[in-house]
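Here is the structure we will look at, set down as C-alpha cells.
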Amino acid sequence: MENCVNHPNRKALSVCHGCGKPYCKSCLDEGNDFYYCKSPACQELLRKETAVTLLPPRVVCPRCSSELELSDSDRASKKFHCPECEAFLDFTTDPPKALDHKDYTEVFSSMNQGHIALLKSILDDADIDYYVVGEYFLAADPLIQPAKFYVLNDQVTEAGDIVKKFRANLFAVTRRKDLSD
Ligand SMILES: [Zn+2]
Ligand SMILES: [Zn+2]
Ligand SMILES: [Zn+2]
C-alpha cells in the first residue's frame, strides 16, 4: 500500500471508495462496507452508504390488523411488539413476521452494546431460537431503554444456563478490571 496523500510519512490504510486515493487511518471514515476520505464529495457518499432506511411512521400489524404508531427506534430496528395483540413483529422480512409473544420468555436485558452483540453470537452458536427487542440504536446515542432478549419457551432452561454463565463471565471480567485499577 502507498503512503497517505495527506501524510506522506504514513502508510495508507486503504483507498477512499469515493476518489480512489490512498489515505491513512486518521484520514478515513469507515462506512458499512468501504472507507471514505474527508472530502465533502466522499463524505456525501459515506452518508448515503450508512443511511438507515426507516419504516413509515405507521404500519399495520400483520397479526391483528391494528394500525400502530411507531417510535423512531422502532422504525429503525423494524422489530417491536404490537401493543394490541402482544405479537412480536419483525418487519425486516417481507412479508413481516409475527411471532407469538406467549411462546417466548424474557431471559436477559442490557444497555451495553458489546454485551448484546456477545450474547447474540453465543445464542446463535447454541442454536437457541431467540429475538431481541430494542437493540437498535444510532451509534452515537446511548440506549434509552435496555434491549431485551426473548427465548422460545421450550429452550428457556437451556438458554437460562447460557445466560447465567454469560453473566458470571461478565462479572469476572469487571472484577479483574476493578482490582487492577
Ligand atoms: Zn475520497
Ligand atoms: Zn493521513
Ligand atoms: Zn397486533
Side-chain angles (χ1 to χ4, degrees), residues 1-109 116 120 123 128-140 143-156 159:
M1 185 61 69
E2 308 156 67
N3 286 354
C4 172
V5 292
N6 294 336
H7 304 94
N9 57 342
R10 286 193 209 160
K11 276 247 174 301
L13 169 71
S14 180
V15 293
C16 165
H17 189 64
C19 60
K21 293 181 196 146
Y23 291 95
C24 71
K25 192 173 189 311
S26 63
C27 294
L28 290 170
D29 289 324
E30 204 174 339
N32 297 335
D33 296 314
F34 300 106
Y35 287 104
Y36 294 91
C37 74
K38 312 278 184 193
S39 80
C42 298
Q43 286 286 310
E44 184 57 38
L45 292 173
L46 170 67
R47 261 194 299 279
K48 273 186 200 149
E49 190 193 302
T50 53
V52 179
T53 54
L54 297 179
L55 287 177
R58 284 161 174 279
V59 296
V60 172
C61 173
R63 167 74 53 91
C64 69
S65 305
S66 307
E67 197 182 20
L68 307 176
E69 204 158 329
L70 302 180
S71 69
D72 285 348
S73 75
D74 289 344
R75 293 177 62 194
S77 75
K78 304 182 178 69
K79 294 178 182 179
F80 42 87
H81 283 120
C82 170
E84 298 302 324
C85 69
E86 295 247 297
F88 169 67
L89 304 178
D90 182 351
F91 274 78
T92 60
T93 58
D94 189 19
K97 276 187 293 200
L99 301 175
D100 205 334
H101 187 45
K102 286 187 221 67
D103 293 341
Y104 289 80
T105 303
E106 187 187 333
V107 292
F108 185 74
S109 69
I116 293 164
K120 282 171 75 171
L123 293 175
I128 300 287
D129 186 348
Y130 71 96
Y131 67 85
V132 186
V133 175
E135 64 176 306
Y136 182 84
F137 20 80
L138 296 164
L143 280 176
I144 306 161
Q145 50 184 22
K148 293 178 178 168
F149 283 75
Y150 292 85
V151 168
L152 193 66
N153 287 341
D154 291 351
Q155 294 181 313
V156 159

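One is the number of the first residue; the rest follow in order along the sequence. Whatever order the structure lists them in is the order used to number ligands and atoms, beginning at 1.
Checking D129 against Q155 by side-chain atom types alone, no donor-acceptor pair falls below 3.5 Å.
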Sequence neighbours excluded and cut-off under 3.5 Å, please list the side-chain donor-acceptor pairs for residues 3-20, or say none.
from	atom 1	to	atom 2	distance (Å)
N3	ND2	P8	O	2.8
R10	NH1	S26	OG	2.7

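Within the 3.5 Å criterion, the main-chain N or O of L89 finds no donor-acceptor partner in the side chain of Y131. Side chain of Q43 to backbone of C37: a donor-acceptor contact under 3.5 angstrom is found.
Near the Zn ion (ligand 1), less than 2.8 Å away, sit the protein N, O or S atoms C16 SG, C19 SG, C37 SG, C42 SG. Sorted by chain and number, the protein atoms of type N, O or S within less than 2.8 Å of the Zn ion (ligand 3) are C61 SG, C64 SG, C82 SG, C85 SG.
Within 6.0 Å of NZ on K25 lie no more than 12 heavy atoms contributed by other residues, nucleotides or ligands. No more than 12 heavy-atom neighbours from other residues, nucleotides or ligands sit within 6.0 angstrom of NZ on K21.
The shortest side-chain heavy-atom distance between F80 and L68 falls under the 4.5 Å cut-off. Side-chain contact between K79 and V132 is absent, with no heavy-atom pair separated by less than 4.5 Å.
Centred on the Zn ion (ligand 2), the SG atom of C4 and the SG atom of C24 lie at an angle of 120°, reported to 10°.
Aromatic ring centroids of F88 and Y104 lie 6.0 Å or more apart.
Sorting the N, O or S atoms of H7 by how far they are from the Zn ion (ligand 2) puts ND1 first.
The stretch residues 80-93 participates, sequence neighbours left out, in these salt bridge (charged side-chain N to carboxylate O under 4.0 Å, His left out) pairs: D90-K97.
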